[in-house]
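The basis for the numbers below is simple: all heavy atoms, side chains too, and nothing from hydrogens, waters or symmetry mates. Note that the coordinates shown come from a computational prediction; the quantities given were computed from them, not determined experimentally.
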2 protein chains.
Amino acid sequence: MLELNQLEQLLTFARCGTLSAAAEELHLSQPALSRSMQRLEAELSVPLFTRQKNRIVLNENGELAVEYARKVVEDALDMKEKLVAQERARHTIFVGSCAPAPLWTLLPQISAACPDMTITSEIRNLDRLQKSLEDHTYQLVVLPFAPKDPKLLCRKLGEEHLYFTLPPAHPLANRKSLHLADLDGETMLLRPNLGFWGPIVKQAMPRTKFLVQDNEAFNELVKFSILPSFVTDLSLRREGPPPDRVVVPIDDPCVQITYYACCEKKLAKRLKLGL
Amino acid sequence: MLELNQLEQLLTFARCGTLSAAAEELHLSQPALSRSMQRLEAELSVPLFTRQKNRIVLNENGELAVEYARKVVEDALDMKEKLVAQERARHTIFVGSCAPAPLWTLLPQISAACPDMTITSEIRNLDRLQKSLEDHTYQLVVLPFAPKDPKLLCRKLGEEHLYFTLPPAHPLANRKSLHLADLDGETMLLRPNLGFWGPIVKQAMPRTKFLVQDNEAFNELVKFSILPSFVTDLSLRREGPPPDRVVVPIDDPCVQITYYACCEKKLAKRLKLGL
DNA sequence: AGTAATTACGAGGTACGTAACAATC
DNA sequence: GATTGTTACGTACCTCGTAATTACT
């Protein structure tokens, strides 16, 4: 029977030009490779080399064989690669969310329900998330609304509400509540990777200059600057109140969010998700 | 290393459904096949089966693996097939001729010059032969003229001239020579596989009814009928004169043929043809 | 009982490496 | 003399078949 091994050896020889060099690259003794190529010829019942006493070169058949061997070996490697990828995907739940906060409770729930699964999560905009329900980029998607698709199983995850954090000296710090428009035009601090929160506030506060800082810098700037920033009830519960800041609720309906976890019904069973 | 062997075993299992049946088809013991599939899974580091104590079924990975294995194995078989075909072609000279007679002397010449070659010859019409010089269906072509292509090497092979054979009682049997038109309208005997001779005489004798008989029947009918037929100087030399027949030369220029053997110059060297 | 799959164990074959040889540069 | 390829020989590993075990129908 023809062996993939031998085809790889043939390719190596074609690349190296001599049996010696190829044998070394293959971590094989030269006589072993010589015999292996003889077996290959016998197996194919076709001579692949022209041999002088001291020299061995691919003949016309050999050149053709190399072409084919390349394809066969590549396909075999591709097979292995694709299988490993699929196997990994079988043990991974890809979660896409429109915002970070709902993942804080959802991901541990999934981990507990599917202890043998790897969970990978990403923050993506709403367009990407809705498309992904069709192309299966994500098995589970967190949206700020519940799509009406009958193939989907949707569960309400909880709510999130947005707040300003203002330095106590801020003129509006004593208000019971505010609207986004009340601070429009000022400069504000923003965390990165806020998902759909970014577009929401940018649209409602078009004249505001947002300074996006990584989390570490953000915390420092909240502490040592008077720039207003945002928190939500969920982030407050997770991280506690920011130091030396007044937290003021925002009344706009567009920042009162209800999250829904959605996945295909048949997947819900396989993933054992108690949605 | 992944083995083609194992992929074929996987395909057999997919076809048969049980290890036992597959093992039998593979002329292998069932434990051997079981272990081989375990090795395949280990090699791919991916489970391919779902196992109950008594039952083994392809899982999702297994199904995908079968798809790929099919392609890989097919390509490998295709490789072998193509190589064998090329190797055979390397040792075969395909000769196309417009008529049988020139092959009688040409084929032995080639055999003598290339003792390690197989010679295959076919009679084809002129269109096919001329095209074959481009598509390399034939390495060597016998034509009734010498193409002017500079890439071609052409050698004159010899001449062939057509004769009527008539029963002695035929009204024209005492003529020194005849024209094709002289017998047009009668019924004539014809051998099969005459190559371009068929079209020549049919065009020159449009009102003649030709009875095409295989060689054995043809000889009998020449002997026991009074139907006129053809011979050529070459066939006379090879087979002797027909019994109880008068042989009359035909004067038409279109039946005075000169044959040329033509092949590509570079091939002439490789085939060692002393053209 | 019969079929089907895995594990255990002994045997045979196959491919490897080392060594010896031949030939070319 | 150094490099390259083939042949010879002994060994080690690997895969096979038989047999035993377990489980399902």
Side-chain angles (χ1 to χ4, degrees), chain A residues 1-63 65-66 69 72-73 76 80, chain B residues 1-63 65-66 69 72-73 76 80:
Chain A
M1 182 62 202
L2 190 61
E3 306 252 355
L4 275 181
N5 221 347
Q6 296 174 308
L7 298 187
E8 272 195 302
Q9 291 171 359
L10 178 68
L11 294 180
T12 306
F13 169 76
R15 188 154 20 84
C16 298
T18 70
L19 285 182
S20 314
E24 187 175 2
E25 187 171 322
L26 290 163
H27 306 292
L28 208 67
S29 74
Q30 186 211 44
L33 183 58
S34 174
R35 284 186 303 251
S36 188
M37 292 298 93
Q38 289 168 13
R39 280 197 302 275
L40 180 59
E41 289 178 295
E43 170 58 39
L44 297 169
S45 55
V46 158
L48 302 176
F49 307 93
T50 59
R51 299 156 197 271
Q52 290 111 37
K53 290 291 175 187
N54 196 22
R55 189 148 202 82
I56 185 169
V57 189
L58 287 171
N59 69 9
E60 194 178 348
N61 295 330
E63 300 284 358
V66 167
V72 172
V73 170
K80 182 166 181 175
Chain B
M1 181 61 202
L2 191 60
E3 307 251 354
L4 275 182
N5 221 348
Q6 296 175 307
L7 299 187
E8 271 195 303
Q9 291 170 359
L10 179 68
L11 294 180
T12 306
F13 169 77
R15 189 155 17 85
C16 297
T18 70
L19 286 182
S20 313
E24 187 174 1
E25 187 172 321
L26 290 163
H27 306 293
L28 208 68
S29 73
Q30 187 213 39
L33 183 57
S34 174
R35 283 186 304 250
S36 188
M37 292 298 93
Q38 289 167 14
R39 281 197 301 274
L40 179 59
E41 288 179 295
E43 170 57 40
L44 296 168
S45 55
V46 159
L48 302 176
F49 307 94
T50 60
R51 301 157 196 271
Q52 290 109 38
K53 289 291 176 187
N54 196 20
R55 190 146 202 82
I56 184 169
V57 188
L58 288 171
N59 68 9
E60 193 178 350
N61 294 330
E63 300 284 358
V66 167
V72 172
V73 170
K80 180 166 181 175

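Within residues 43-50 of chain B, no residue places a heavy atom under 4.0 Å from DNA chain D. Within residues 14-22 of chain A, the residues having any heavy atom under 4.0 Å from DNA chain D are, by residue number, A/Thr18, A/Leu19, A/Ser20.
An end-to-end axis angle of 20° holds for the helix from C/dA1-D/dT25 to C/dC25-D/dG1, taken from five base pairs per end and rounded to 10°.
Of all heavy-atom pairs between A/Ala14 and A/Leu58, the closest is CB-CD1, 3.9 Å. When all heavy atoms of A/Asn61 and A/Pro47 are compared, the pair lying nearest together is ND2-O, 3.0 Å. A/Leu4 approaches A/Ala76 most closely through the heavy-atom pair CD1-CB, 3.6 Å.
A nucleotide of DNA chain D counts as in contact with chain B when one of its atoms lies under 4.0 Å from a heavy atom; the first and last such, 5' to 3', are D/dT15 to D/dC24.
Between the CG atom in A/Leu28 and the CD atom in A/Gln9 there is a gap of 6.0 Å [rounded to 0.5 Å]. In this structure, B/Arg15 CZ and B/Leu10 CG are separated by 11.0 Å, a value rounded to the nearest 0.5 Å.
Evaluation of the side-chain hydrogen bond (donor to acceptor under 3.5 Å, both in side chains) rule for B/Glu24 yields no partner, not counting sequence neighbours. Here B/Arg55 pairs with B/Gln52, B/Val57 under the side chain to side chain contact (heavy atoms under 4.5 Å, CB included) rule; sequence neighbours left out. Listed by chain and number, the residues in a side chain to side chain contact (heavy atoms under 4.5 Å, CB included) with B/Glu43 are A/Lys80, B/Leu2 (sequence neighbours excluded). Qualifying side chain to side chain contact (heavy atoms under 4.5 Å, CB included) partners for B/Arg39, counting only residues two or more places apart in sequence or in other chains: B/Gln6, B/Arg35, B/Ser36. The side chain to side chain contact (heavy atoms under 4.5 Å, CB included) test applied to B/Ala22 returns B/Thr12, B/Phe13, B/Cys16, B/Leu33, not counting sequence neighbours. In this structure, A/Thr50 has no side-chain hydrogen bond (donor to acceptor under 3.5 Å, both in side chains) partners at least two apart in sequence or on a different chain.
Here salt bridge (Lys or Arg N to Asp or Glu O under 4.0 Å) pairs that include residues 2-11 of chain B, with residues two or more places apart or in two chains, number zero.
Residues A/Leu40 and A/Leu44 have side chains in contact (heavy-atom distance under 4.5 Å, counting atoms from C-beta outward). A 4.5 Å side-chain heavy-atom check between A/Leu48 and A/Val66 finds every atom pair outside the cut-off.
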Base versus backbone protein contacts along nucleotides 17-25 of chain C [heavy-atom cut-off under 4.0 Å; B, S, -]: BBB---BB-
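Summarising the geometry, the separation between CD on A/Gln38 and C1' on C/dT14 is reported as 15 Å, rounded to the nearest angstrom.
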